[in-house]
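Since the structure comes first, as structure tokens, the remarks are kept for the end.
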Amino acid sequence: MPNTRAEAAYLRSVTAFKDPTLRLLHGRYAQFVIAMLSIMFTADRPAVAVSDAHAELGEAVDQLRAGGYDEDDKKLPSGSAREICRYWVQTGWLVPQIENDIEVYRLSAHAVGALEIAGRADAGTGRVSRSRVRSLLDAVDRLSRDAEADPEQRIAMLTAERDAINAEIASLSNGGTEPIDDDQLLEEAENVLHLARELPADFARVAESIKAMQRDVVADLRRDVRPTGEILREYLERGQHVMKSTAEGRAFEGALRLIGDPEHIERLTTQLHTLITQPFSELMTPTQRSELDAVGRRVEQGVQEVLTAQRRASQVITSQVRTHDAARDRQVDELLRNVMSGLHEWMQTSKSVDRVEPVRGFAITEIGQLRQTVSELRPPNSPAALVVPDEGVLQSVDAYAWGGPRYRELEQYLATLGATFNLASAFNSAGQEIRRPVDLLGLLEIAHRNGITDGDDLSVVETLRPDGSTRRFAFVNATALTAKETEND
């Protein structure tokens, strides 16, 4: 523990400056990076194709060098645009991703935070205004109300809030309220911009925390030596509930209840467009008006970015679990350790000019003398002939009675009924050999083939099985044709 207040304060400062965002801002070319990223990435363009980023950055660097801004080697980096972007990826400014089979660059959460800090500094020092104090007081009131456990106290707070709203409504109805002046509206708009500038970095941090959790899960899975069933239960559950696996994800899940509904975002966008048309907006700078108009799009893009990261993490974790093979992974690890061990031994005795011949194919197994004789010298006998049973044996078995419908007998019977027949009456009047349940199915098939007309009431028939048991069936009363009608040419 620190012994003095100064030591404690210094250690807190050291810890604060270890934050990646501050480390990026104290980089050698931080001014150049902030300028380039601010013009490449906007609210309407959160992702930039790699080829487009290289082309735009190369053009911007050429313009700055032509303007004489590279006299000091600390102002502009050297190298091509591709090399500069690759360096930004290594230092943590950019994150390469694949979207719709196209490689794109996205700002990292720390880069978004750095741009936010630079944007606030460029906009000037914040003022202590009525809107900011009111936002603070409203937040404290809401926290106090939500933290209150006594129902009577909460009811009293809500009643006081309702009375204040009713008083304001009555005052507006009587025309006793003066319109708010434009300066106060401008202060409130600046407060909205101040709050909105923090959202992109928050969304990016949530998405990156989910990606970091995904990497940790996959790494732990590959190193895990526990039973496969236990691994499957744990990691599949984490893949399905990935949003609850990080503190940022749990906080975002609560905020999503407020902004996740498309109607809420649509209402927010409509309100912002309406504010832009108000007279007080003329006091805002063009940059402020553009930033205020883009708040809705920033919120929508941030929500989509987090949900995409969640969906991708769930898919990756589930895929890794399903394809995980502990035995194969151990074999690969053992092979890599053997290769590294052999390389280490070879490096101790080899020279700089020595070469290693690559393995161009697998070794062929050497087979010794094969067995050329068998123990049995006589060739194997041919199999015995198949025994064909007598026809009388098949005829004595009453298997035909349990077979399919007897279409021939049914058609011969229907030919004696006239042009049309009632399905239920015809079946009940048939002989016992064609009154099986399967014969009822065959009769229905013949009736549908020839043409059938359904009635309004129900018909009930009783079928007779070969073993003498009966079963009743009910169906819609129907009349059918005995023979199928032919079309005349």
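Values below: all heavy atoms of this structure, side chains included; hydrogens, waters and symmetry mates excluded.
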Please give me the minimum heavy-atom distance between [X] and [Y], naming the atom from each residue.
X	Y	value
Phe41	Pro46	CD2-O, 3.5 Å
Ser38	Ala35	OG-O, 2.7 Å
Pro96	Val89	CD-CG1, 3.7 Å
Val95	Ser108	CG2-CB, 3.7 Å
Tyr105	Ala53	CD1-CB, 3.7 Å
Val61	Ile84	CG2-CD1, 4.3 Å

Checking Glu83 side chain against Ser80 main chain: does a donor-acceptor pair fall under 3.5 Å?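 Present.
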Residues in side chain to side chain donor-acceptor pair (under 3.5 Å) contact with [X], at least two apart in sequence or another chain:
X	result
Glu445	Tyr407
Arg45	Glu56
Arg82	none

To the nearest 0.5 Å, how far apart are [atom1] in [X] and [atom2] in [Y]?
X	Y	atom1	atom2	value
Thr277	Leu272	OG1	CG	11.0 Å
Leu64	Leu76	CG	CG	5.5 Å
Thr159	Asn166	OG1	CG	10.5 Å
Leu57	Trp88	CG	CH2	4.5 Å
Arg337	Met340	CZ	CE	12.0 Å

With Glu161, which residues qualify under salt bridge (Lys or Arg N to Asp or Glu O under 4.0 Å), at least two apart?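 Counting only residues at least two positions away or on another chain, Glu161 forms a salt bridge (Lys or Arg N to Asp or Glu O under 4.0 Å) with Arg145.
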Does Arg65 have any salt bridge (Lys or Arg N to Asp or Glu O under 4.0 Å) partners at least two apart in sequence or in another chain, and if so, which?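 By the salt bridge (Lys or Arg N to Asp or Glu O under 4.0 Å) rule, Arg65 matches no residue at all.
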Can you sort out the partners of [X] under side chain to side chain contact (heavy atoms under 4.5 Å, CB included), two or more places apart, ordered by chain and number?
X	answer
Asp354	Trp346, Ser350, Lys351
Phe475	Leu423, Ala424, Leu440, Ser459, Val461
Gln348	His344
Ile276	Arg289, Leu292, Asp293

Below 4.5 Å, heavy atoms only, C-beta onward: do [X] and [Y] meet side chain to side chain?
X	Y	result
Leu94	Leu107	yes
Leu275	Phe280	yes
Leu458	Val476	yes

Might you work through the side-chain contact (heavy atoms from CB on, under 4.5 Å) test for Met36 and Ile39, ending with a clear yes or no? CA-CA 6 Å; Met36 295 299 99; Ile39 62 176; 4.1 Å; yes
Can you pull the salt bridge (Lys or Arg N to Asp or Glu O under 4.0 Å) pairs that have at least one residue in residues 94-103, sequence neighbours excluded?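 Salt bridge (Lys or Arg N to Asp or Glu O under 4.0 Å) check on residues 94-103 returns Glu99-Arg106.
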